[in-house]
Amino acid sequence: MEFAQKAFGTSSIEALRAKSAQEIMDAALKPPRSRFYPNIDGYFLPEDGRAIFAAGKQSHVPLLAGWNRDEGSFRAFFGDDQPSVETYVARAKAKFGSDAETFLKLYPAATDAQAKRSGQDLAGDQFMGYNTWKWMEEHLKTGGSSIFRYKFDHTLPLPKNAAPGLEPTAPHACDIEYVFQMLPARDLPWRTEDQQLSELISSYWTNFAKTGNPNGPGLPRWPEYNSRDGYPVMRLDATSSAAPDKQRERYEFLDRLNSAR
């Protein structure tokens, strides 16, 4: 009831139920925002999700999962500092200590531009990439079902009034309009390749919803995620194709750090 006490000065369920949904949302979105976690209620969620997957008690159904190229911002790593090799290395050593050398191999920074990109990659991995990867890895061990992994690499077109120097990105959740063929929901100068990618992705997702497999006639083959084939990833872009995961060591590194906590 910590949230109720701090937000509304009450520990009464009845008092919370008397609040409007908007009041609850407004209070929940005030910093810090990480207030709510899965509630182990003994009914819908009988135990911690990690324990459920470790024991193979999750639903044994096919899984399609992945993330976008720019899930996070380099600002999460650099703060207000300008991205540079010197700043990047200094922050890496301060953040990762004895593991900094390994980190710098996996998230390299030979130039200022590469340092900025690696900072962006780390932010995305810590926000979305690693957690999704871990989910798939656990399901691969105990789920007894097919897994299909993707990476949405397609950058959105810049708005017509974009500021000079603004870089195109593929941010968190930008794939949703492509999946549901709702590109007009965003006021952007959509290109032919955007329309074609939306057709492709919506076909993959529809096939998966129907059969548990995204593949279908006329679509680039999407292989299952498994160790035998190098943990293939379907790269969704203007020229979509699948290839073995070349960044696995990054997630294994983050997993080792997370396990040591």
Side-chain angles (χ1 to χ4, degrees), residues 1-68 70-73 75-77 79 122-145 147-150 152 156 169-188 201-202 205-206 208-210 212 254-255 257-259 261:
M1 298 303 294
E2 179 182 356
F3 166 71
Q5 285 283 4
K6 289 184 177 180
F8 301 109
T10 181
S11 58
S12 166
I13 291 294
E14 288 75 16
L16 283 181
R17 286 173 177 164
K19 302 293 182 182
S20 68
Q22 190 61 53
E23 288 177 298
I24 298 293
M25 287 297 298
D26 289 344
L29 292 175
K30 291 180 180 179
R33 295 177 61 177
S34 57
R35 299 179 186 275
F36 298 111
Y37 297 91
N39 180 32
I40 301 175
D41 60 359
Y43 176 70
F44 177 79
L45 189 62
E47 55 186 318
D48 180 83
R50 290 166 294 188
I52 291 174
F53 274 78
K57 295 179 181 178
Q58 75 273 31
S59 297
H60 290 200
V61 296
L63 172 64
L64 188 154
W67 56 93
N68 297 356
D70 300 301
E71 292 285 356
S73 168
R75 286 295 172 201
F77 186 84
L122 176 64
D125 286 345
Q126 291 183 319
F127 169 60
M128 184 64 64
Y130 165 71
N131 291 328
T132 307
W133 174 87
K134 186 66 173 178
W135 174 26
M136 288 186 287
E137 288 290 303
E138 293 303 304
H139 199 56
L140 187 62
K141 293 176 185 176
T142 63
S145 304
I147 300 175
F148 299 90
R149 175 179 162 187
Y150 72 88
F152 188 86
L156 298 180
T169 60
H172 177 66
C174 75
D175 51 331
I176 293 176
E177 285 86 0
Y178 289 83
V179 171
F180 293 104
Q181 295 189 304
M182 289 294 295
L183 297 185
R186 290 187 188 229
D187 185 17
L188 293 174
I201 294 177
S202 65
W205 262 245
T206 300
F208 181 78
K210 289 179 177 179
L254 295 175
D255 192 46
L257 294 183
N258 189 58
S259 298
R261 292 175 181 171

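Just so you know, these numbers come straight off a predicted model, no measurement behind them. Note that these values count all heavy atoms, side chains included, but never hydrogens, waters or copies made by symmetry. Residue indices begin at 1 and follow the sequence shown.
Here the rule is side chain to side chain contact (heavy atoms under 4.5 Å, CB included) with Cys174, and of Asp70, Thr169, Asn68 only Asn68 fits it. The only member of Ile40, Leu45, Asp41 that meets side chain to side chain contact (heavy atoms under 4.5 Å, CB included) when paired with Tyr43 is Asp41.
Of the inter-residue distances, the one linking Leu122 atom CG with Leu254 atom CG reads 6.5 Å to the nearest 0.5 angstrom. Taken to the nearest 0.5 Å, the CG atom of Leu140 stands 13.5 Å off from the CH2 atom of Trp135. The line from CD of Glu177 to CE of Met182 is 8.0 Å long, rounded to the nearest 0.5 Å. Taken from CG in Asn131 to CH2 in Trp67, the straight-line distance is 10.0 Å, to the nearest 0.5 Å. A distance of 9.0 Å separates CD in Gln126 from CG in Leu257, rounded to the nearest 0.5 Å.
Contact annotation: the side chain of Tyr178 never approaches that of Trp205 to less than 4.5 Å [non-hydrogen atoms, C-beta and beyond]. Within the 4.5 Å cutoff, the side chain of Tyr150 has no heavy atoms near those of the Ile201 side chain. You'll find the side chain of Ser145 stays beyond 4.5 Å of the side chain of Leu63, heavy atoms only.
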query: Stepwise, does the side-chain contact (heavy atoms from CB on, under 4.5 Å) test hold for Trp133 with Asp125?
result: CA-CA 9 Å; Trp133 174 87; Asp125 286 345; over 6 Å; no

- request: Given side-chain contact (heavy atoms from CB on, under 4.5 Å), test Glu138 with Arg50 step by step and report yes or no.
  value: CA-CA 8 Å; Glu138 293 303 304; Arg50 290 166 294 188; over 6 Å; no

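Of all the heavy atoms in Gln58 and Thr142, the pair that sits closest is NE2-OG1, 3.0 Å. Listed here is the closest heavy atom pair of Arg186 and Ala173: NH2-O, 4.3 Å. Smallest separation of non-hydrogen atoms from Ala76 and Ala123: CB-CB, 3.9 Å. For the pair Gly212 and Pro62, the tightest heavy-atom approach, listed with the atom from each and the gap, is O-CB, 3.5 Å.
Side chain to side chain, Gln22 and Ser20 fail the donor-acceptor criterion of an N or O pair below 3.5 Å.
Using a cut-off of 4.0 Å between Lys/Arg side-chain N and Asp/Glu carboxylate O, Glu137 and Lys141 are scored as not salt-bridged.
Between the Thr10 side chain and the Phe8 main chain, no donor and acceptor come within less than 3.5 Å of each other. His139 places a side-chain N or O within donor-acceptor distance of the main-chain N or O of Val61, the cut-off being under 3.5 Å.
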